Structure formats: structure tokens, C-alpha cells
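Here is the structure we will look at.
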Amino acid sequence: MSVDVARVAWDEDWTTHALCTEQDPDALFVRGKAQHEAKAICKSCPVVLQCLAEALDNRTEFGVWGGMTERERRALLRRRPDVKSWRKVLREGEETAARRSA
């Protein structure tokens with residue numbers, strides 16, 4: 001997933017920066033083709049990785065979180081059962097990518 005937006009610091013207050021707070025909450029808890037439309041909201045969100053980390057670390061089962069559907073998150077969790085903290089992994093990955101592009 002590639003997103004070119006200004007990022008917000010990794011803090012506990014990330015939800016106040018989420019673009020989905022300006023949307024109907026039910027728009028993120030849909031099925032089928034509508035999930036692709038819901039994921040579009042995430043593409044320009046400055047806290048997409050924080051959101052994804054939250055969903056993965058808490059094993060959130062329903063809805064689109066961090067640009068991923070529940071099916072995509074389950075598949076990722078199955079592929080990487082060794083990860084104890086997605087927040088740590090995603091944050092470190094983002095920092096590494098930022099250093100490379102600087």
C-alpha cells in the first residue's frame with residue numbers, strides 16, 4: 001500500500017486526524033464491492049498506518065481499517081504470526097522509508 005500524504009506523529013491521539021471521522025461510520029463496515037469504496041477513504045489519510053496497526057494489534061474483525069478489509073488483515077496475520085507489535089513494525093517501516101527518500 002503506497003500513500004503520499006503528510007504523516008501525523010505516532011501518538012495515542014491519532015484518531016483525531018483520521019479522515020474517516022468526517023464520514024458516516026457505517027460506510028467503513030460494509031461487504032463486497034462497497035469495501036473497495038470504503039478503502040478509498042484511507043488512501044489519503046495521514047494516519048492510515050496508525051489505524052492499521054491498531055486493527056492488527058487488537059485483532060479487529062470487522063470493517064475497513066488502515067486501508068485493509070477484514071479478509072486482508074486476517075491473511076496478513078496468518079502470514080506473519082511472529083509479529084507481536086504491528087505498531088512497532090509499521091512505525092519502523094515508515095521511518096526507514098522516510099530515511100531512504102530523504
Side-chain angles (χ1 to χ4, degrees):
M1 172 180 8
S2 159
V3 180
D4 289 331
V5 295
R7 296 291 173 201
V8 174
W10 284 73
D11 61 23
E12 299 304 315
D13 195 30
W14 65 267
T15 57
T16 61
H17 304 286
L19 292 181
C20 60
T21 60
E22 301 167 5
Q23 306 289 322
D24 174 11
D26 291 336
L28 298 172
F29 295 90
V30 292
R31 298 248 182 249
K33 182 181 175 185
Q35 289 181 327
H36 295 292
E37 295 166 12
K39 286 171 52 170
I41 296 168
C42 304
K43 287 186 180 187
S44 59
C45 185
V47 293
V48 66
L49 292 179
Q50 291 93 320
C51 180
L52 180 57
E54 176 83 12
L56 292 169
D57 283 340
N58 292 302
R59 305 301 194 260
T60 303
E61 293 186 32
F62 303 104
V64 171
W65 289 77
M68 294 182 86
T69 65
E70 54 256 21
R71 177 179 276 176
E72 292 167 332
R73 291 192 309 276
R74 279 194 307 271
L76 180 57
L77 289 168
R78 277 193 305 274
R79 283 192 310 271
R80 297 290 309 272
D82 58 310
V83 175
K84 302 291 183 230
S85 171
W86 283 98
R87 178 181 169 93
K88 180 179 177 188
V89 168
L90 294 173
R91 183 177 187 175
E92 288 172 355
E94 184 179 48
E95 290 169 355
T96 300
R99 281 193 302 275
R100 286 183 185 154
S101 67

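Worth knowing before you read on, the calculation uses all heavy atoms, side chains too, and leaves out hydrogens, waters and symmetry mates. The structure displayed is predicted, hence computed values, not measured ones. Index from 1, following the sequence.
Smallest separation of non-hydrogen atoms from Asp13 and Thr16: O-OG1, 2.8 Å. Nearest heavy atoms, Gly66 versus Cys51: N-SG, 3.1 Å. For the pair Pro46 and Leu19, the tightest heavy-atom approach, listed with the atom from each and the gap, is CD-CG, 4.1 Å. The heavy-atom pair separating Ala27 from Ala38 by the smallest distance is O-CB, 3.3 Å. Across every non-hydrogen atom of Cys42 and Gly67, the tightest pair is SG-N, 3.3 Å. Trp10 and Ala53 make their closest contact through CZ3-CB, 4.1 Å (heavy atoms, listed as atom of the first residue, atom of the second, distance).
When the side chain to side chain donor-acceptor pair (under 3.5 Å) test is applied to Thr96, the partners found at least two apart in sequence or on another chain are Arg99. Legend: residues meeting salt bridge (Lys or Arg N to Asp or Glu O under 4.0 Å) with Arg91, ordered by chain and number and at least two apart, are Glu95. Take Ala75 and apply the side chain to side chain contact (heavy atoms under 4.5 Å, CB included) test, not counting sequence neighbours, and it matches Arg78, Arg79. The side chain to side chain contact (heavy atoms under 4.5 Å, CB included) search around Ser101 returns none, not counting sequence neighbours. Checked against salt bridge (Lys or Arg N to Asp or Glu O under 4.0 Å), Asp82 has the following partners two or more places apart in sequence or in another chain: Arg80. Asp26 is linked by a side chain to side chain contact (heavy atoms under 4.5 Å, CB included) to Asp24, counting only residues two or more places apart in sequence or in another chain.
Contacts classified as salt bridge (charged side-chain N to carboxylate O under 4.0 Å, His left out) and involving residues 62-73 (residues at least two apart or in different chains) are given here: Arg31-Glu70, Lys39-Glu72.
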Just distance, no hydrogens or angles: give the donor-acceptor pairs under 3.5 Å from side chains in residues 57-64, sequence neighbours left out.
unit_1	atom_1	unit_2	atom_2	d
Asp57	OD1	Trp86	N	2.6
Asp57	OD2	Arg87	N	3.1
Asn58	ND2	Glu54	O	2.9
Asn58	ND2	Glu54	OE2	3.1
Arg59	NH1	Leu56	O	2.7

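A continuous path of Ile, Leu, Val, Met, Phe, Trp and Tyr side chains, each step under 4.5 Å between heavy atoms, connects Leu90 with Val83, placing both in one hydrophobic cluster.
Annotation: side chain of Met68 is in contact with side chain of Leu52 (closest heavy-atom distance under 4.5 Å).
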